[in-house]
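In what follows, a structure is listed as structure tokens, so that the remarks can point back to it.
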Amino acid sequence: MADNHQQDERDDQNDRGDQGDQNTGGARTRSFPSAMTVLAIVTILVWIAAFFIPSGEYQRNDAGNPVQGTYHRISSPLSFGGRVSNLAMSPVNGLYGIQDAKSGQVSTENDGSLYGSVGVFFFVLAIGAFITVLFATGALDTGIGRLAHRLRERGALLITAIMAVFALLGSVEGWSEETLGFYGLIVPLSLALGYDRMVAVAAILLSSGIGVLCSTMNPFAIGVASSAAGISIGDGIVLRGLMLVVLTAVTIAFVLRYASRVRTDPAHSVVGFLPGDHEVAAGSAQEPPPLTSTQKSALIATGLTFALMIFSVIPWASVITGKSDAAAYSWQLDWSFPQLAAMFLLAGVAIGVIARMNEAKLTGTIISGAADFISPALVVALARGITVIMNNAKITDTVLHALEGAVHGTTSAVFSVLVFVVNLPLAFLIPSTSGHATLVMPIMAPLAAFANVPKSLVVTAWCNSNGFMNLFVPTSAVIMGGLTLAKVGYDKYIRFILPYLAVMLVMICGFLAIGAAVG
């Protein structure tokens with residue numbers, strides 16, 4: 001997923017680096033720091049910066065938004081000892097710190113509202129448990145394998161089906177790392193159909209990537225960002241859903257156009273063909289095993305779980321009436337992270353029961369799944385701890401005031417595009433999707449009030465920038481691992497997708513501008 005196996009990604013990169021050391025006679029290469037390391041460095045830098053950035057604050061309206069023109073300087077509320085404690089306790093406060101209503105200070109000893117990210121933390125672990133149980137049944141990979149084999153004689157339809165499924169999974173659950181297991185299936189199928197290896201790479205990477213870029217309900221992107229922005233996970237889903245449909249269609253058309261040209265004339269291939277490719281293609285005729293009744297039931301249960309998640313978080317009254325302050329319908333659930341965490345835990349248990357797992361295997365799988373997802377969960381807490389440091393030192397509003405000056409006088413359309421552009425380098429520097437969201441949203445989201453746009457548009461612009469960068473950055477284990485498995489060079493991949501990236505850049509900015517205009 002976009003963030004759920006960050007540590008596994010780093011381990012994979014390190015493994016590849018170790019192999020490279022052996023191949024180059026012991027010459028060591030430097031790998032990009034992990035998300036935890038990057039955020040630890042940022043924590044120290046922000047703590048040091050808090051000594052030099054003056055404290056200040058805005059007046060807030062009833063909705064909690066800063067009132068333009070009310071910023072004023074104040075004395076720092078922290079002594080040196082308080083600053084040291086603020087640094088040491090930042091991860092803990094980022095997890096379950098309580099914000100005092102009067103002073104605004106965050107501490108585990110306060111009475112007030114929850115400021116920490118413990119709700120998101122537990123939600124990530126619940127998602128991990130659910131997905132691990134699902135994969136233990138073999139239902140998802142077998143189902144996709146059956147689909148690919150069934151459509152193997154109809155190339156264009158096969159590519160369309162694979163890309164549509166991967167884009168939907170990327171949008172709903174952040175399907176990304178899981179695609180690495182499909183190269184061994186889709187590359188031979190692509191060759192057997194008269195295409196090249198780049199078609200397989202594009203069908204996998206671009207479809208899942210555009211799904212994450214247009215995340216509708218992805219808990220690791222939209223879920224975490226919406227929580228950090230203080231809005232519902234369903235806010236902005238209409239715009240993101242429209243983007244998903246349109247950009248996925250454009251992506252499929254781009255890949256199909258290239259595939260058709262290669263099939264007509266292999267000389268148009270960007271990567272060419274390797275010795276033995278015809279033999280690899282011949283091996284793709286083996287039919288995957290059929291889905292068992294248990295696996296079919298598991299897939300049905302999974303579909304119902306995600307359908308319930310989507311239904312439960314959408315603010316139906318606002319979507320139907322077009323009014324953001326519309327009163328909720330009686331049947332509207334308005335679930336948040338606590339309810340969703342409980343739902344995924346129960347769904348994981350249900351799928352385990354359906355798969356006839358015994359008690360030891362089911363509990364072991366759930367624990368193992370939660371353990372696998374502890375890295376992104378901790379990243380969320382650590383990133384939230386950085387905002388605690390800024391909050392307790394009273395410099396958040398000072399930074400916000402500086403950004404207010406930068407966007408002052410811009411139209412809402414320009415503002416939304418600026419949010420997208422500003423987050424592009426941050427997406428490269430902070431390799432964790434959830435960590436990036438938790439870090440920037442407390443600052444970016446309040447800016448929406450100054451530009452007269454909904455916070456959901458800021459979340460969408462952030463998600464677009466994060467997803468756009470992850471289509472091509474060489475620090476992504478999904479990109480580099482996939483290219484390695486497909487035996488496609490990174491330079492050739494970049495050459496192939498440059499026109500596509502240019503089109504996506506224009507279309508994303510256009511959608512954001514339209515979203516700002518509509519409001």
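- With contacts defined as side-chain heavy-atom distances shorter than 4.5 Å, the pair T363/M357 does not qualify.
- At a threshold of 4.5 Å between non-hydrogen side-chain atoms, the residues I366 and V349 count as touching.
- Separation of atoms CG (L308) and CD (Q339) is listed at 11.0 Å; rounding is to 0.5 Å.
- Legend: residues meeting side-chain hydrogen bond (donor to acceptor under 3.5 Å, both in side chains) with D334, ordered by chain and number and at least two apart, are Q332.
- Contacts classified as side chain to side chain donor-acceptor pair (under 3.5 Å) and involving residues 239-255 (residues at least two apart or in different chains) are given here: R240-T460, T251-Y500.
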request  = Begin from the C-alpha positions of F415 and L457 and carry the test side-chain contact (heavy atoms from CB on, under 4.5 Å) through to its verdict.
outcome  = CA-CA 10 Å; F415 169 79; L457 187 62; over 6 Å; no
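- Taking I233 as the reference, M217, I222, V313 meet the side-chain contact (heavy atoms from CB on, under 4.5 Å) condition, with sequence neighbours excluded.
- By the 30° and 60° cut-offs, the orientation of the rings of F472 relative to F468 is perpendicular.
- T160 pairs by the side-chain contact (heavy atoms from CB on, under 4.5 Å) definition with I252, L256, not counting sequence neighbours.
- Separation of atoms CG (D372) and CD1 (I367) is listed at 12.0 Å; rounding is to 0.5 Å.
- Annotation for L193 and G155: closest pair CD1-CA, 3.7 Å, computed over non-hydrogen atoms.
- Residues forming a side-chain contact (heavy atoms from CB on, under 4.5 Å) with S90 (at least two apart in sequence, or on another chain): T43, I389.
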key: ring-ring contact (aromatic ring centres under 6.0 Å, His included) evaluation trace for W316 with F311   = CA-CA 9 Å; W316 290 104; F311 174 81; 5.7 Å; yes
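- Contact detail for L205 and L483: the closest heavy-atom pair is CD1-CD2, 4.4 Å.
- By the 4.5 Å heavy-atom criterion applied to side chains, I204 and I186 are counted as neighbours.
- Within 6.0 Å of atom CG in N358, more than 12 heavy atoms from other residues, nucleotides or ligands are found, so the atom counts as buried in its surroundings.
- The side-chain heavy atoms of I98 and Y115, taken from C-beta on, include no pair separated by under 4.5 Å.
- A 4.5 Å side-chain heavy-atom check between V212 and N470 finds every atom pair outside the cut-off.
- A heavy-atom distance below 4.5 Å is found between the side chains of I159 and V199.
- Not counting sequence neighbours, T396 has no partner by the side-chain hydrogen bond (donor to acceptor under 3.5 Å, both in side chains) test.
- When all heavy atoms of S416 and L512 are compared, the closest pair comes out as OG-O, 3.3 Å.
- Closest approach of V133 and G348 over heavy atoms only: CG1-O, 3.4 Å.
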key: Trace of the side-chain contact (heavy atoms from CB on, under 4.5 Å) decision for L340 with M309   = CA-CA 7 Å; L340 292 175; M309 180 186 76; 3.8 Å; yes
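- With sequence neighbours excluded, the residues that form a side-chain hydrogen bond (donor to acceptor under 3.5 Å, both in side chains) with T294 are R356.
- Judged as a side-chain hydrogen bond (donor to acceptor under 3.5 Å, both in side chains), and not counting sequence neighbours, the contacts of S215 are N218.
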task = Start with the C-alpha gap between V459 and D235, add the side-chain angles, then the distance that decides, and say whether side-chain contact (heavy atoms from CB on, under 4.5 Å) holds.
result = CA-CA 9 Å; V459 171; D235 288 345; over 6 Å; no
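- F166 is linked by a ring pair (Phe, Tyr, Trp, His ring centres under 6.0 Å) to W175, F182, counting only residues two or more places apart in sequence or in another chain.
- Inter-residue side-chain proximity for F373 and F123 is flagged as unmet; no heavy-atom pair is nearer than 4.5 Å.
- Inter-residue side-chain proximity for V417 and V421 is flagged as met; some heavy-atom pair is nearer than 4.5 Å.
- When the ring pair (Phe, Tyr, Trp, His ring centres under 6.0 Å) test is applied to F122, no partner is found at least two apart in sequence or on another chain.
- Summarising the geometry of A486 relative to V187, their closest heavy-atom pair is CB-CG2, 4.1 Å, with the distance given to 0.1 Å.
- For T305, the side-chain contact (heavy atoms from CB on, under 4.5 Å) partners two or more places apart in sequence, or in a different chain, are F130, M343, F344, A347.
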message = Show, in sequence, the C-alpha distance, side-chain angles and deciding distance for S208 and T179, and conclude whether the side chain to side chain donor-acceptor pair (under 3.5 Å) test is met.
response = CA-CA 8 Å; S208 60; T179 61; 4.6 Å; no
request  = For the pair S456 and I231, evaluate side-chain contact (heavy atoms from CB on, under 4.5 Å) and give the outcome as yes or no after the intermediate values.
outcome  = CA-CA 7 Å; S456 60; I231 60 176; 4.0 Å; yes
